[in-house]
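Remarks on the structure that follows.
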Amino acid sequence: MGQHLLVEMEMPADLDHFRLPPGVNERLQDLLDRQDRGDTLTQSERKEAAGLVDLAEMLSLLRLRTQRVWAEQQSVE
């Protein structure tokens with residue numbers, strides 16, 4: 001079973017911080033669009049796309065967890 005690490009940190013109030021920056025997101029979309037068209041990506045491009053997808057998923061998870069924590073805090077107040 002995987003190990004878990006608890007990290008405490010201040011979270012920005014603006015949830016847009018939990019999204020890929022526009023230029024990075026455009027790059028990811030370009031790579032995914034090329035792949036969907038059947039274009040062959042280089043090994044480096046495939047690794048880049050996979051890494052960006054992983055990062056986007058992690059940021060989405062952080063955004064959802066932050067929203068849940070904020071909702072729980074507001075219901076307690």
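- For residues 63-73, every residue pair satisfying the salt bridge (Lys or Arg N to Asp or Glu O under 4.0 Å) rule, not counting sequence neighbours, is listed here: R68-E72.
- Clustering of Ile, Leu, Val, Met, Phe, Trp and Tyr by side-chain heavy atoms under 4.5 Å joins L41 with L31.
- Residues forming a side-chain contact (heavy atoms from CB on, under 4.5 Å) with S75 (at least two apart in sequence, or on another chain): none.
- Take L55 and apply the side-chain contact (heavy atoms from CB on, under 4.5 Å) test, not counting sequence neighbours, and it matches L20, M58, L59.
- In this structure, the side-chain hydrogen bond (donor to acceptor under 3.5 Å, both in side chains) partners of D39, at least two apart in sequence or on a different chain, are R37.
- Applying the side-chain hydrogen bond (donor to acceptor under 3.5 Å, both in side chains) test to every pair with at least one member in residues 20-30, sequence neighbours left out, gives these pairs: R27-E48.
- Taking Ile, Leu, Val, Met, Phe, Trp and Tyr as members and joining any whose side-chain heavy atoms lie under 4.5 Å apart, directly or through other members, L61 forms no hydrophobic cluster with any other residue.
- Distance alone, capped at 3.5 Å, is enough to place a donor-acceptor pair between the E45 side chain and the T42 backbone.
- Listed by chain and residue number, nothing satisfies the salt bridge (Lys or Arg N to Asp or Glu O under 4.0 Å) test with R46 (two or more places apart in sequence, or in another chain).
- In terms of the side-chain contact (heavy atoms from CB on, under 4.5 Å) criterion, residue partners of Q73 (sequence neighbours excluded) are, by chain and number, V69, W70.
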